[in-house]
Amino acid sequence: DTAVSQTPKYLVTQMGNDKSIKCEQNLGHDTMYWYKQDSKKFLKIMFSYNNKELIINETVPNRFSPKSPDKAHLNLHINSLELGDSAVYFCASSVSGSVWAFFGQGTRLTVV
Amino acid sequence: AQSVTQPDIHITVSEGASLELRCNYSYGATPYLFWYVQSPGQGLQLLLKYFSGDTLVQGIKGFEAEFKRSQSSFNLRKPSVHWSDAAEYFCAVASSGGSNYKLTFGKGTLLTVNP
C-alpha cells in the first residue's frame, strides 16, 4: 500500500490551462505539504496544512491554490498555467509537530 | 534564515569504493538534519536523520552520517558503493514554520557509479 500517493504521475498541458494534482496519505498524519522541484532539481516548500488549516505559504503566486478537504488529502489547483510552472511537485505528510516527513512519488508537470 | 549547501554537484565513484557526500548547513538553533535520496523518476526516500544525541547516525542501505556542530556539517558516507546507489542525494534541515516544520533542501549531489 502506497503511503503518500499523488495523481497523476505525469501531466502535460498547454499554457493558460487550469489543472489539479491530487494527494492522499493513508498514514494517519494530520500535516501535509506541497514541495516544488524545479528543472535544476532544487526543492522548495510551497505550502503546509495542519488539520485542513493552512500553516505555511511560501510566497507562492495566487494562481496556486491548495485545498484540503480532510486530513488525508491535500490537492493543488493551478490556474492559468505558465511555462515556468513546469516542475516536479511533491506531496508529503507528517505527524503534527514532527520534523520527519514522508514524500510521495511526485507529479511531473510539463507546460507547453 | 536557514540554508543548506552541498558543494559537490556531481560525484563519480567506482563500484566498491567509499563515498562521502558533503553537506553544510546554516541554522541558528539546534538543527534537525536529514539525507534523502531520489532515484531516477522516483520520489524522495529518507536515508537517515539527526535530531540529537549520538553524532554518528546510521541509516538504511548501509549509509551513515556524522553531525559536526563545530563545522556545521552533516556529511553522508558509505564504505562500499553499489551500482544501485546511483541517484541524486539531498541534504535538508528542518525549521519551524509556526506549528509545522518545513524542510530546506540543498541543491543535491548527483552520484554516478562506474562498474
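By convention in this document, chain letters (A, B, ...) are assigned in the order of the sequence lines, proteins followed by strands, and residues within each chain are numbered from 1. As the structure is a computational prediction, the values presented were derived from the model and not from experiment. Keep in mind that the numbers below use all heavy atoms, side chains included, and drop hydrogens, waters and symmetry copies.
For B:E88, the part sitting under 4.5 Å from any heavy atom of chain A is the side chain, from C-beta outward, and nothing else. Only the side chain of A:Q37 comes within contact range of chain B, with heavy atoms under 4.5 Å apart. Proximity to chain A is limited to the side chain of B:L46, based on heavy atoms less than 4.5 angstrom apart. Looking at A:Y35, the atoms closer than 4.5 Å to chain B (heavy atoms on both sides) all sit in the side chain, from C-beta outward. With a threshold of 4.5 angstrom between heavy atoms, A:K41 approaches chain B through its backbone and through its side chain. Using a 4.5 Å cut-off between heavy atoms, B:Q45 makes no contact with chain A at all.
Counted by atom type alone, A:Q6 and A:T107 present one or more donor-acceptor pairs between their side chains at under 3.5 Å. For the residue pair A:H73 / A:D70, a side-chain donor-acceptor distance below 3.5 Å is found, with atom types taken as modelled.
With ring centers used as reference points, B:F90 lies 6.0 Å or more from B:Y36. Ring centroids of B:Y89 and B:F63 are separated by less than 6.0 Å, placing the two rings close together.
Figure legend: cation-pi geometry between B:K49 and B:W35 absent, as NZ or CZ is not positioned both under 6.0 Å from the six-membered ring centre and within 45° of its axis.
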